[in-house]
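Notes follow once the structure below has been shown.
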Amino acid sequence: MTTGTFRYADPATINRSSTPFVKSWSKVDVDYSSFSRVSVSKPVHDLRSALESSPSDFGVDVSGFALYNHPAKETSFTDERAIWSGYYAEVEALLREKLPGIKRVEIFDHTIRRNNDSAARRPVQQVHVDQTPAAAATRVRRHVSPPEEAEKLLKGRYQIINVWRPISHPATDFPLAFIDWRSTSPGDLVPIDLLYPKRSEPEDDGDDRGKEIAPAEETYPKTEGYEVKGETYGVVPNDAHKFYYVKDMKPEEVVLIKCFDSWGEGLEEPWGRGKKGVAGWTPHTAFVDPATPKGTPGRESIEVRCLVFYEDEE
């Protein structure tokens with residue numbers, strides 16, 4: 001176990017307007033938000049130790065996350081095309097192996113984070129959930145064609161799963177922490193617009209992968225040149241939150257993080273059909289582990305976001 005200081009959304013600074021750029025927002029290309037954050041110190045439990053004592057207490061549908069030893073053939077993650085053509089297939093195979101009943105997987109995005117000054121994307125210190133139910137449905141309609149097939153799939157069970165692993169060396173620096181879904185409540189979640197840089201034709205093909213450019217610091221508070229293309233959940237503090245992490249997580253290990261499930265407990269139409277006891281979301285964040293030795297290499301990681309569709313119920 002260790003202790004972490006976690007940055008939550010400050011409820012007093014959240015704007016719940018429906019008007020773009022007035023409603024609270026975060027930027028996708030830099031760790032900056034229109035709202036303030038509050039820091040809360042919390043204990044962080046080692047997931048490996050917890051699994052050794054109570055393996056059945058954790059899983060994508062139970063706690064919202066799962067850890068597996070699953071080495072990847074792709075190891076450098078420097079060639080975008082190799083990631084799309086090779087690693088994506090590895091991710092789909094992993095999901096089909098670990099989550100029974102899958103009939104279709106659509107991988108729609110990935111992000112590589114490196115904790116160095118030249119990186120386009122760095123670890124994010126903000127407790128969040130990647131998609132709201134509305135954003136999840138939008139992703140289905142955006143990435144599944146024809147439209148009638150998307151509408152059909154929206155009527156069944158589907159999830160968004162984030163497949164996360166370190167690159168090249170253990171993730172000792174800025175490890176990823178996730179909150180046990182069972183320690184959360186719906187009132188913890190605040191819808192936040194996600195701002196993407198505008199791209200001109202023919203650059204804007206609807207695919208943002210591999211096009212990240214770190215913005216200049218003086219532009220962080222500005223919204224000019226950005227558009228709303230997604231919605232995430234910010235998370236406000238809750239004393240009940242129970243955090244886990246994987247100490248010195250290795251590149252051979254992978255965590256599945258559930259961002260959305262149409263069967264998640266409490267969901268109602270039009271977003272899903274909630275089932276008692278099924279995890280609906282997993283708040284997560286990078287954090288600074290005070291036990292990190294000096295000179296530890298900066299964290300490098302890849303997260304792959306997947307739409308996962310299941311066979312119809314009998």
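This structure is a prediction, so every number in the text was calculated from the model and none was measured.
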*Between CH2 on residue W164 and CG on residue L256, distance to nearest 0.5 Å*: 13.0 Å
_How long is the straight-line distance from NZ of K42 back to CD1 of I179, given to the nearest 0.5 Å?_
8.0 Å
*Taking only residues two or more places apart in sequence or in another chain, which ones pass side chain to side chain donor-acceptor pair (under 3.5 Å) with T132?*
E231
*Kindly give the heavy-atom pair with the smallest separation between T296 and P293, and that separation in Å.*
OG1-O, 2.7 Å
*Atom CD1 of I102 and atom CD of E92: how far apart are they, to the nearest 0.5 Å?*
8.0 Å
_If hydrophobic clusters are built from ILVMFWY residues whose side chains come within less than 4.5 Å, do V129 and Y8 share one?_
yes
_So if I apply the ring-ring contact (aromatic ring centres under 6.0 Å, His included) rule between F287 and each of Y244, F174, Y245, F178, which one comes out positive?_
Y245
*Please determine if K229 forms a cation-pi arrangement with Y196, meaning its NZ or CZ atom is less than 6.0 Å from the six-membered ring centre and no more than 45° off the ring axis.*
yes
*Would Y32 end up clustered with V38 when hydrophobic side chains under 4.5 Å apart are linked, directly or stepwise?*
no
*Please answer whether the main-chain N or O of A134 pairs with a side-chain N or O of T138 as donor and acceptor at a distance below 3.5 Å.*
yes
*Qualifying side-chain hydrogen bond (donor to acceptor under 3.5 Å, both in side chains) pairs with a residue from residues 145-156, counting only residues at least two apart or across chains*: R141-E151
*Between K27 (side chain) and K222 (backbone), is there a donor-acceptor pair under 3.5 Å?*
yes
_Sub-4.5 Å side-chain heavy-atom contact between F58 and L67_ = no
*Take K242 and D57 through the salt bridge (charged side-chain N to carboxylate O under 4.0 Å, His left out) test and state the conclusion after the steps.*
CA-CA 13 Å; K242 189 170 185 178; D57 280 353; over 6 Å; no
*ILVMFWY network linking V124 to V163, side-chain heavy atoms under 4.5 angstrom*: no
*V127 backbone acceptor or donor facing R37 side chain under 3.5 Å*: no
*Start with the C-alpha distance between L176 and V255, add both sets of side-chain angles, then the distance that settles side-chain contact (heavy atoms from CB on, under 4.5 Å), and finish with yes or no.*
CA-CA 10 Å; L176 188 72; V255 169; 5.6 Å; no
*asked:* Quick one, H45 and M1 - any side-chain contact, counting heavy atoms below 4.5 Å?
replied: yes
*How about Y87 and I302: do any of their side-chain heavy atoms sit closer than 4.5 Å?*
yes
*How far apart are the C-alpha atoms of D261 and Y310, what are their side-chain angles, what is the distance that settles it, and do they pass the side-chain contact (heavy atoms from CB on, under 4.5 Å) test?*
CA-CA 11 Å; D261 191 334; Y310 288 84; over 6 Å; no
*Mind checking whether Q125 and V288 have side chains closer than 4.5 Å, heavy atoms only?*
yes
*Are any of the side-chain heavy atoms of N69 and K250 separated by less than 4.5 Å?*
no
*Counting N and O atoms only, with roles assigned by atom type, does the side chain of E265 sit under 3.5 Å from a partner on the main chain of G277, one being a donor and the other an acceptor?*
yes
_Less than 4.0 angstrom from a charged side-chain N to a carboxylate O is my criterion; do R48 and E253 meet it?_
yes
_More than 12 heavy atoms of other residues, nucleotides or ligands under 6.0 Å from CG of D117: yes or no?_
no
_Pair R157-V278, side-chain contact (heavy atoms from CB on, under 4.5 Å): steps then yes or no_ = CA-CA 12 Å; R157 186 187 188 186; V278 175; 3.8 Å; yes
*Can you name the nearest heavy-atom pair linking I192 to G234, along with the distance?*
CG1-N, 3.5 Å
*asked:* Donor-acceptor check, side chain of H169 to backbone of G298, threshold 3.5 angstrom: yes or no?
replied: yes
_E268 atom CD: more than 12 heavy-atom contacts under 6.0 Å_ = no
*Nearest heavy atoms of P123 and D31, plus distance in Å*: O-OD2, 4.3 Å
_Strictly distance-based, threshold 3.5 Å: is any side-chain N or O of T223 a donor or acceptor partner for the main-chain N or O of F21?_
no
*Does the side chain of L153 come within less than 4.5 Å of K103's, by heavy atoms?*
yes
*Sort and list the pairs that fulfil side-chain hydrogen bond (donor to acceptor under 3.5 Å, both in side chains) and have at least one residue in residues 180-193, not counting sequence neighbours.*
K23-D193, D180-R182, T184-W281, S185-D188, D188-N238, D188-H241
*Is any side-chain heavy atom of M249 less than 4.5 Å from a side-chain heavy atom of L47?*
no
*Do we see a donor-acceptor contact under 3.5 Å between the side chains of N15 and S24?*
no
_L51 side, atom CG; S63 side, atom OG - distance, nearest 0.5 Å_ = 8.0 Å
*About how many Å separate SG of C306 and CG of D109, when rounded to the nearest 0.5 Å?*
9.5 Å
*Do V60 and V308 belong to the same hydrophobic cluster, where Ile, Leu, Val, Met, Phe, Trp and Tyr are linked whenever their side-chain heavy atoms lie under 4.5 Å apart, directly or via other members?*
yes
*Kindly compute the distance separating CZ (F6) from OG (S39), expressed to the nearest 0.5 Å.*
11.0 Å
*Stepwise, does the side-chain contact (heavy atoms from CB on, under 4.5 Å) test hold for I161 with K98?*
CA-CA 12 Å; I161 301 291; K98 302 300 183 183; over 6 Å; no
_Closer than 3.5 angstrom, by distance alone: can the side chain of R114 be matched with the main-chain N or O of E300 as a donor-acceptor pair?_
no
*At their closest point, which heavy atom of A171 faces which heavy atom of P166, and how far apart are they?*
CB-CG, 3.9 Å
*Write down the atom of V28, the atom of P197, and the distance for their closest heavy-atom approach.*
CG1-CD, 4.0 Å
*Would you check if Q159 and L95 make a side-chain contact, meaning some heavy-atom pair closer than 4.5 Å?*
no
*Check: S34 side chain, W25 main-chain N or O, donor-acceptor pair, under 3.5 Å*: yes
_I'd like to know if W263 and L154 are part of one continuous hydrophobic network [Ile/Leu/Val/Met/Phe/Trp/Tyr, side-chain heavy atoms within less than 4.5 Å]._
no
_More than 12 heavy atoms from other groups under 6.0 Å of CG on N116_ = yes
*For residues P175 and D289, report the shortest heavy-atom separation together with the two atoms involved.*
CG-CB, 4.1 Å
*Pair Y158-R139, side-chain hydrogen bond (donor to acceptor under 3.5 Å, both in side chains): steps then yes or no*: CA-CA 11 Å; Y158 71 99; R139 282 290 181 184; over 6 Å; no
*Any donor and acceptor pair, going by atom type alone, linking the side chain of T2 with main-chain N or O of V44 inside 3.5 Å?*
no
*State whether the side chain of E90 and the backbone N or O of E74 hold a donor-acceptor pair below 3.5 Å, judged by distance alone.*
yes
